[in-house]
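Counting begins at 1 with the first residue of the sequence. Read the numbers this way: they start at 1 and go in the same order the structure lists the ligands and their atoms.
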Amino acid sequence: MADYSVLENEARERIGAAADLSALEALRIEFLGKQGSVSGLLKSLGAMSPEERLAKAPAIQALREAVANALAARKEAMEAAELEARLATETLDLSLPAPELPKGSVHPVSQVMDELAEIFADLGFSVATGPEIEGEWHNFTALNMPESHPARAMHDTFYFPDAAPDGRKMLLRTHTSPVQVRTMMSAGAPLRIIAPGRVYRSDSDATHTPMFHQVEGLVIDRDIHLGHLKWTLETFLKAFFEREDIVLRLRPSYFPFTEPSVEVDVGFALVNGKRVLGGSGDAPGHGWMELLGSGMVNRRVIEMSGLDPDQWQGFAFGVGVDRLAMLKYGMDDLRAFFDGDVRWLKHYGFSFLDQPTLSAGVGAQRTHAP
Ligand code: PHE
């Protein structure tokens, strides 16, 4: 019988002496690769006579197996030694602080909306919502702006080219006032809601963006009057701006959905060229800033919303949320709100841990996000 023990011993010796994994891989190729010496022996079987092949094949197969096993054993030993070495040198300090994760920040508009919800929740208001894609009826008609009413021209409306399946003309809501109608229809009276959200008008410059934010307020009950409106706005603005000296001036105005309608101005002082709310606008160095529209809900709107205007009445108001944010936190370009510039967001954004609370004075404890 053929004896390959010399070959086998030599292979074992060289495998045992291999310095590292790449040297070992070179040996595997040398012995068992396509052109390898052991592979060559296996191939030579094909050229032998059947008798010779029968005599030599078992020993060659055994050689191949012995070399393969020796390679595998050596490889395992090397890997185990490597792991041992790493375990011996590397240490893991479990008392080290965890690596810091990148943190996002809360956009000032979201922050202000949370502040508004907090302030009005304390006055018994809940938050209502409505769709941003509206029908003409909710956005205009039910708010006492019938077809061809000149007040529709007050809004530069984005209309959709196609009508809804039921034939309604669709648009991007131009104000949050349609939520008044929707909530009266779905929840009935009495009612105290605010409705913050996005609104759209075809308008664009430093102080106007085609998309902006409003918050609508609506109170419906049996004996609500203008005094309730004024007190509510005063209480809200004092809590929001965290100043007791907020002074309001109510001016007669016109909105189709309120009667009477009042435009509300707030007194401000010029401090280092910046407008700071507080004090009467008639005081020296002061002025009045137009802040919001409001009024007693027009009885036609109450009627079109399915309520009896002889039983139910109330007030409504609408304020720009972005405007409130700018006045409170001192940004001066509205367009930057929606540019998505991370540097702006980092500077003006808020930590998600800073939940506005009335007891802390909404906004008072605020630390800007890192
Ligand atoms: N919807 C009005 C606007 O967008 C604001 C408003 C709301 C006025 C409610 C009166 C009452 O200009």
Inset, instruction - Kindly indicate whether a cation-pi arrangement holds for Lys103 with Phe352, taking the cut-offs as under 6.0 Å to the six-membered ring centre and within 45° of the axis. - result: no

Legend entry - Contact (N/O only, under 3.5 Å) between Gln214 and ligand 1: yes

Inset, instruction - Would you mind finding which of Ser177, Ala316, Pro256, Gly318 brings a heavy atom closest to atom 1 (N) of ligand 1? - result: Ser177

Inset, instruction - Ignoring angles and geometry beyond distance, decide whether Arg201 reaches within less than 3.5 Å of ligand 1 through its nitrogen or oxygen atoms. - result: yes

Inset, instruction - Could you give me the CA-CA distance, side-chain angles and deciding distance for Tyr329 and Phe350, then say whether ring pair (Phe, Tyr, Trp, His ring centres under 6.0 Å) is met? - result: CA-CA 11 Å; Tyr329 294 113; Phe350 295 85; 4.9 Å; yes

Inset, instruction - Return yes or no for this condition: an N or O of Thr258 is under 3.5 Å from an N or O of ligand 1. - result: no

Legend entry - Polar contact flag, side-chain donor to acceptor under 3.5 angstrom, Thr91-Asp93: no

Legend entry - Hydrophobic cluster membership, Phe315 vs Phe236, 4.5 Å side-chain cutoff: yes

Inset, instruction - For Ser294, take its heavy atoms, then give the atoms of ligand 1 lying under 4.0 Å from any of them. - result: 8 (C), 10 (C), 11 (C)

Inset, instruction - Can you sort out which atoms of ligand 1 are near Gln180, meaning under 4.0 Å from one of its heavy atoms? - result: 9 (C)

Inset, instruction - Report yes if the distance between the aromatic ring centroids of His107 and Trp344 is under 6.0 Å, otherwise no. - result: yes

Legend entry - Region of Phe317 that comes within reach of ligand 1 [heavy atoms, distance under 4.0 Å]: backbone

